[in-house]
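Each remark here refers to the structure printed beneath this line.
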Amino acid sequence: MRSVYIAGHNIITSLGITTAENMAAMEAGAIGIRMTSNPRLFPTPIPLSLVDSGVLEEKFEAVLAFHKKTDECSSFTRLEKFLIISVHEAIAPLEQDFRDNRTLFVVSTTKGNIDLLETRSASLFPPKRIYLWEMARIVGSFFGFANPPMIISNACISGIMALMAAFRYMKSGLYDQAVVTGGDILSEFVISGFQSFQSISPNPCRPYDAGRDGLSLGEGAGTMVLTTKKTNDTEKHITIAGAATSNDANHISGPSRTGEELALAMQKSMTEAGLSPSEMGFINAHGTATPFNDEMESKAIALAGLVEVPVNSFKGYWGHTLGAAGLIESVASIQSLKNQRLIRSAGFETLGVPEPIRVIASNEDKEISSCMKSASGFGGCNAAIMFELK
Amino acid sequence: MEQVISAYAQIKPGQVRVNGRIEYSDENFITFAEFIKPFFKSLNLGYPKFYKMDPLSKLGFIASELVFKQLNLDSYDRKRVGIVIANSSSSLDTDIIHQQSISNRSEYFPSPSVFVYTLPNIMIGEICIRHQLRGENAFLISERFDGRLLTKYVNELFQQNRIDVCLTGWVDLLKEDFEALLMFVEPGIWEMNAEAREIALPFSEKTVNELYTIM
């Protein structure tokens, strides 16, 4: 079995369009969730984490120019722009060529170009652009990738599942490299749906806090470039060390009562990585800040023997970015691992979950060699992935 | 070690087949609902949750029931049963319903019981709830049925010892167009009884594509 190293990465959120911008903003304690009055998205003001359209368009023009493309900006949807910028930022600094058939291209999204279902946007693009495979094909062909995209749409664990799929295929030798990207945009479709569940907080979300009262929605994209070849032998590298999924088999829109199934995914990923709970630097959990999700996660963390391990959620910074979340938050986690620095769980003050988990209350330097990223989603799905610095 | 298909079910407009044999046919229907409801009733499953599902989940659920009916699920560790399903149109059928419910401000009525089905993997969740299956899941999207995509993903799960058995296939539905092929995949024929051995087919890209083509 071969090792899988992380060679490149990008994050696009309300806090910035590069990994560095996002990490600097988090270090400074910036919160990207803001009260937004946009009747196209929602009839009344609501806290959202939105990517600035002006910044997006300007960056996209630059990416088109870099790749000597003659296409108009307007021939790509908002999500396609997110993904193209994100992939560009992740691969541009690297020397490797990604257009050979040993490179896997994976795309994760929950809703793709769902804004095209709105009548006012529909006429701007061919009808088939609503299909996830067409959206992914547009992005892949922009970069000239040889293989057709592998597309994963598995609710809020999509991003982790995309990394996991690439990891497994590379581990067994089917591919040498992978470009794994994921994104979702905020639309009237998604906001109205979560609002109908009454799961959106009137304020920026507060994962694991006693006063938490719901999630905040965000949009964005994340990309990770994986390779089976070490770039050099002297520096330490970050690897994907294990990953697993599980299903609650309990409820389609509510989490497990016990957390047993998320714990199962966590344990399987640790076993594969050959790491024990005492070796775990931190857990970047899902932490949506809905009462039930965070409660279930605390139980799962305890069941998996991880109650002593520092925990954070990044959703207090940029909200829940749905199909992008697993990728965006994995990239931020590996930066945390690389920088040997634990990041505060934004919005957290007083523990409000049943198990005494150690939520990270302030930024702190710490010697760490591994971390876990986990997520859970509608349909009862759970996922966990392990990263190791070695 | 080569995996085998030990049971499979196919559903298309007008016809339901199990292990290749016609189980049910009805050419006198106009909508998917008209086709699937009488068939569901004829199965006598006593599972009222079915009526709350969206059409895509109903289609996948029934196909999975037809497969599981052939086996004794108690003989497997339910934490080691995988489910890997793909389709082309994701949850677009229900996406359209949700969009209609918000398209007019004077008739704005988004419903959580519709919105929850705007994710294709909810179908997998429904199947897991029905049979208490807790293993590896994945929902994949491809433009057309892709035997290579499915066999590659599922064979990796077997080779890396992440599952013991797997339900896999294709469940696609948009308005009145629908097709389902679900297969139960096991590690080999050694544990099977004589009858099961007779049905068993190799779980290869070629066989899977053939099963889809002859639907």
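Just so you know, these numbers come straight off a predicted model, no measurement behind them. Basis for what follows: all heavy atoms, side chains included, without hydrogens, waters or symmetry-related copies. Per chain, numbering begins at 1; letters A, B, ... match sequence-line order.
- Heavy-atom distances place the side chain of L264(A), and not its backbone, under 4.5 Å from chain B.
- Side chain of N247(A) to backbone of C128(B): no donor-acceptor contact under 3.5 angstrom is found.
- The backbone N or O of G135(B) sits nowhere less than 3.5 Å from a side-chain atom of S246(A) that would complete a donor-acceptor pair.
- No donor-acceptor distance shorter than 3.5 angstrom exists from the side chain of E143(B) to the backbone of E134(A), with no hydrogens or angles considered.
- Nearest heavy atoms, S196(A) versus P112(B): OG-N, 3.4 Å.
- Atom CZ of R148(B) sits in a sparse spot, with 12 or fewer heavy atoms from other residues, nucleotides or ligands closer than 6.0 Å.
- Within the 4.5 Å cutoff, the side chain of E261(A) has no heavy atoms near those of the K79(B) side chain.
- Residue contact with chain A, scored on non-hydrogen atoms closer than 4.5 Å, involves the backbone and the side chain of T118(B) alike.
- To the nearest 0.5 Å, the span separating CD1 on I252(A) from NZ on K49(B) amounts to 8.5 Å.
- With values rounded to the nearest 0.5 angstrom, S187(A) atom OG is found 7.5 Å from I102(B) atom CD1.
- Ion pairing of E272(A) with R162(B) is present here, as a side-chain N (NZ or NE/NH1/NH2) and a carboxylate O approach within less than 4.0 Å.
- Other residues, nucleotides and ligands contribute over 12 non-hydrogen atoms within 6.0 Å of the OH atom of Y47(B).
- If you measure heavy-atom distances from I157(A) to chain B, you find no contacts under 4.5 Å at all.
- Proximity to chain A (any heavy atom under 4.5 Å) is shown, for Y153(B), by both the backbone and the side chain.
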Determine, stepwise, if the pair L140(B) / I152(A) fulfils side-chain contact (heavy atoms from CB on, under 4.5 Å). CA-CA 5 Å; L140(B) 312 173; I152(A) 295 188; 3.8 Å; yes

List the steps and the verdict of side-chain contact (heavy atoms from CB on, under 4.5 Å) for S153(A) and N121(B). CA-CA 7 Å; S153(A) 187; N121(B) 64 295; 5.9 Å; no

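- With a threshold of 4.5 angstrom between heavy atoms, A162(A) does not approach chain B through any atom at all.
- Defined by atom type and a distance below 3.5 Å, a donor-acceptor pair is missing between the side-chain atoms of S142(B) and W133(A).
- Taken to the nearest 0.5 Å, the CG atom of L119(B) stands 6.0 Å off from the OG1 atom of T110(A).
- Surrounding NZ of K268(A) are more than 12 heavy atoms belonging to other residues, nucleotides or ligands, all under 6.0 Å away.
- Side chain of Y108(B) to main chain of S192(A): no donor-acceptor pair is present (N/O by atom type, distance under 3.5 Å, no hydrogens or angles).
- Here A155(A) is the residue among A155(A), P149(A), A136(A), G380(A) with the most heavy-atom pairs under 4.5 Å with chain B.
- Only the backbone of N250(A) comes within contact range of chain B, judged by heavy atoms closer than 4.5 Å.
- Heavy-atom contacts from other residues, nucleotides or ligands closer than 6.0 Å to CD1 of I214(B) number more than 12.
- Scanning all heavy atoms of the two residues, the minimum distance from A249(A) to Q132(B) falls at O-NE2, 3.0 Å.
- Taking every heavy atom of both residues into account, N154(A) and F139(B) meet most closely at OD1-N, 2.9 Å.
- Residue F378(A) touches chain B through both its backbone and its side chain, counting heavy-atom pairs closer than 4.5 Å.
- The part of D248(A) that comes within reach of chain B is its backbone (N, CA, C, O), which places non-hydrogen atoms under 4.5 angstrom from that chain.
- The pair R168(A)-E136(B) meets the salt-bridge criterion, since a charged nitrogen lies less than 4.0 angstrom from a carboxylate oxygen.
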Show, in sequence, the C-alpha distance, side-chain angles and deciding distance for L92(B) and L117(A), and conclude whether the side-chain contact (heavy atoms from CB on, under 4.5 Å) test is met. CA-CA 10 Å; L92(B) 187 54; L117(A) 271 191; 4.2 Å; yes

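- A salt bridge links R105(B) to E188(A): at least one charged side-chain nitrogen sits closer than 4.0 Å to a carboxylate oxygen.
- More than 12 heavy atoms of other residues, nucleotides or ligands shown are found within 6.0 angstrom of NZ on K152(B).
- Side-chain N/O atoms of E156(B) and S172(A) include a donor and acceptor closer than 3.5 Å.
- In this structure, SG on C381(A) lies 8.5 Å from CD1 on I124(B), to the nearest 0.5 angstrom.
- Side-chain contact check for S91(B) and K111(A): at least one donor-acceptor pair (N or O, by modelled atom type) lies under 3.5 Å.
- Looking at I96(B), both its backbone and its side chain come within 4.5 Å of chain A, counting heavy atoms on both sides.
- Proximity to chain A (any heavy atom under 4.5 Å) is shown, for I85(B), by neither the backbone nor the side chain.
- With a 4.5 Å cut-off on non-hydrogen atoms, L133(B) touches chain A through its backbone but not through its side chain.
- Closest of all the heavy-atom pairs between F189(A) and Q99(B) is CD1-OE1, 3.3 Å.
- Scanning both residues, Y131(A) and S89(B), for their nearest heavy atoms gives CE2-CB, 3.6 Å.
- Interface check for chain A: of the options I122(B), D95(B), I127(B), the most heavy-atom pairs under 4.5 Å are formed by D95(B).
- Around CZ of R2(A), the count of heavy atoms belonging to other residues, nucleotides or ligands within 6.0 Å exceeds 12.
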